[in-house]
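Note that the structure is a prediction, hence the values are computed from the model and not measured.
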Amino acid sequence: MSPYVAPRHRPRDSRLPRRSAYARAMDTALALVRHGQTDWNLAGRLQGRTDIELNETGREQAREVGRALLGQGWDLVLGSPLSRAARTAQLIAEVLRAPTGEPVPEVIERGFGPLEGRIMAGIPDAEATLLAEHAEDRQAVLRRALPALQRIVEANPGRRILVVSHGATMRIVRDALAGRPLGAKVENGEVLHVDPVRLAELVREQEPAIAR
């Protein structure tokens, strides 16, 4: 079984007609969720790949996301392996009474190298520009994240899937889906709905770069 597939809660009713694979695929929904707040978020520190736990506000934000999504049929919750995302996914799943699956490493936060742990407001512009050269390239984020999201969709036809990720990774994916920079940041607990058709288009566009 794919690591991105989790068992459904309810067995299929054998009295119902079996739907085609195409029809099930058309019902598939995908959304990204940014993890809840951490103390580093509160302080304005850049986290990147540094593994920081949720604070109490972040835990409540995760529960609030779950409550806001109740009744919408979300039936699988996945997340990045970083603890702030994994815990957010767990708390959302508990509210929704939905299964979780194995971590999805490809939706981990963008790496920021020596900028991680720094309070961005206190870094001079010239230094920030120099240090930013060590950050993970935006195209590298897309090359890892987009195919992984597509695999999740393909492995779970007919399901409604939430994937908990991170602010910078989600901004890069969001802007790629929109075809232009949208500028606005992604807030803790924000839900970004992903059009599976547009996602598939982007993955096809990325394939030559991924093969290199």
Side-chain angles (χ1 to χ4, degrees), residues 1-7 30-43 45-63 65-66 69 74-96 98-118 134-156 159-174 176 185-192 194 199 203 206 210:
M1 178 180 288
S2 164
Y4 303 138
V5 181
L30 175 68
L32 294 171
V33 182
R34 188 184 177 198
H35 62 79
Q37 186 189 82
T38 70
D39 286 343
W40 277 27
N41 289 145
L42 193 60
R45 293 187 187 278
L46 193 60
Q47 293 179 123
R49 302 285 178 81
T50 307
D51 201 2
I52 307 297
E53 298 275 355
L54 296 180
N55 59 23
E56 183 51 44
T57 296
R59 291 188 286 274
E60 181 53 32
Q61 286 173 334
R63 297 184 188 101
V65 170
L69 296 176
W74 299 101
D75 58 1
L76 177 60
V77 187
L78 304 172
S80 147
L82 292 178
S83 59
R84 57 189 182 271
R87 181 63 171 147
T88 298
Q90 179 187 30
L91 291 169
I92 292 172
E94 288 174 0
V95 174
L96 297 177
T100 58
E102 293 297 317
V104 185
E106 296 90 345
V107 299
I108 200 169
E109 181 59 302
R110 184 184 185 190
F112 287 98
L115 282 172
E116 293 184 12
R118 302 286 297 274
H134 299 280
E136 183 181 12
D137 181 75
R138 291 173 179 269
Q139 288 301 313
V141 174
L142 293 175
R143 286 195 296 269
R144 62 175 164 83
L146 295 179
L149 294 173
Q150 178 68 10
R151 289 193 295 272
I152 290 169
V153 169
E154 292 173 347
N156 295 279
R159 302 188 78 168
R160 296 178 62 80
I161 311 139
L162 299 171
V163 180
V164 180
S165 185
H166 304 267
T169 294
M170 285 180 61
R171 282 197 304 274
I172 292 168
V173 170
R174 178 200 65 190
K185 67 180 294 188
V186 178
E187 302 291 344
N188 293 113
E190 185 172 336
V191 179
L192 171 65
V194 177
L199 174 63
V203 170
Q206 288 278 327
I210 293 170

Passes side chain to side chain contact (heavy atoms under 4.5 Å, CB included), Val164 versus Leu78? Steps please.
CA-CA 6 Å; Val164 180; Leu78 304 172; over 6 Å; no
Would Leu192 and Val186 count as a side chain to side chain contact (heavy atoms under 4.5 Å, CB included) if you check the C-alpha gap in whole Å, the side-chain angles of each, and the deciding distance to 0.1 Å?
CA-CA 9 Å; Leu192 171 65; Val186 178; over 6 Å; no
Side chain to side chain contact (heavy atoms under 4.5 Å, CB included) for Ile52 and Leu82? Distances and angles first, verdict last.
CA-CA 8 Å; Ile52 307 297; Leu82 292 178; over 6 Å; no
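A donor-acceptor contact shorter than 3.5 Å links the side chain of Asn55 to the backbone of Gly58. Judged purely by atom type and a 3.5 angstrom limit, Ser165 has no side-chain atom pairing as donor or acceptor with the backbone of Arg34. A distance-only check finds a donor-acceptor pair linking the side chain of Glu136 to the backbone of Gly111 [under 3.5 Å]. Side chain of Arg49 to main chain of Glu109: a donor-acceptor pair is present (N/O by atom type, distance under 3.5 Å, no hydrogens or angles). Asp75 places no side-chain N or O within donor-acceptor distance of the main-chain N or O of Ala98, the cut-off being under 3.5 Å. No donor-acceptor pair closer than 3.5 Å links the side chain of Gln206 to the backbone N or O of Val203.
Between Leu146 and Leu199 there is a side-chain heavy-atom pair separated by less than 4.5 Å.
Here the shortest heavy-atom pairing between Thr169 and Val107 reads CG2-O, 4.2 Å. Counting all heavy atoms, side chain and backbone alike, Arg171 lies closest to Lys185 at CD-CA, 3.8 Å. The shortest non-hydrogen separation linking Pro103 to Ser80 is CB-C, 4.5 Å. Contact detail for Trp40 and Gly117: the closest heavy-atom pair is CZ3-CA, 3.4 Å.
In terms of the side chain to side chain donor-acceptor pair (under 3.5 Å) criterion, Arg174 has no residue partners (sequence neighbours excluded). Applying the salt bridge (charged side-chain N to carboxylate O under 4.0 Å, His left out) criterion to Glu116, with sequence neighbours excluded, gives no partner residue. Qualifying salt bridge (charged side-chain N to carboxylate O under 4.0 Å, His left out) partners for Arg59, counting only residues two or more places apart in sequence or in other chains: Glu56. With sequence neighbours excluded, the residues that form a side-chain contact (heavy atoms from CB on, under 4.5 Å) with Ala31 are Trp74, Leu162, Val191, His193. Listed by chain and residue number, nothing satisfies the side chain to side chain donor-acceptor pair (under 3.5 Å) test with Gln61 (two or more places apart in sequence, or in another chain). Residues meeting the salt bridge (charged side-chain N to carboxylate O under 4.0 Å, His left out) test with Arg138, sequence neighbours left out: none. The side chain to side chain donor-acceptor pair (under 3.5 Å) test applied to Asn41 returns Thr38, Asn188, not counting sequence neighbours. Under the side chain to side chain donor-acceptor pair (under 3.5 Å) criterion, Arg110 pairs with no residue at all, not counting sequence neighbours. Take Glu53 and apply the side-chain contact (heavy atoms from CB on, under 4.5 Å) test, not counting sequence neighbours, and it matches Ser83.
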Show me the donor-acceptor pairs within less than 3.5 Å that the side chains of residues 88-95 make with the rest of the protein, sequence neighbours left out.
| residue | atom | partner | partner atom | Å |
| --- | --- | --- | --- | --- |
| Thr88 | OG1 | Gly36 | N | 3.1 |
| Thr88 | OG1 | Arg84 | O | 2.7 |
| Gln90 | OE1 | Arg87 | NH1 | 2.5 |

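Interatomic distance, Arg159 CZ to Ile152 CD1, rounded to the nearest 0.5 Å: 11.5 Å. Taking CG of Leu30 as the reference point, atom CD1 of Ile161 lies at 6.0 Å (rounded to 0.5 Å). Taken from OG1 in Thr100 to CG in Leu76, the straight-line distance is 8.0 Å, to the nearest 0.5 Å.
Here the options are Arg151, Arg143, Arg144, the test is side-chain hydrogen bond (donor to acceptor under 3.5 Å, both in side chains), and the partner is Glu106; only Arg151 passes.
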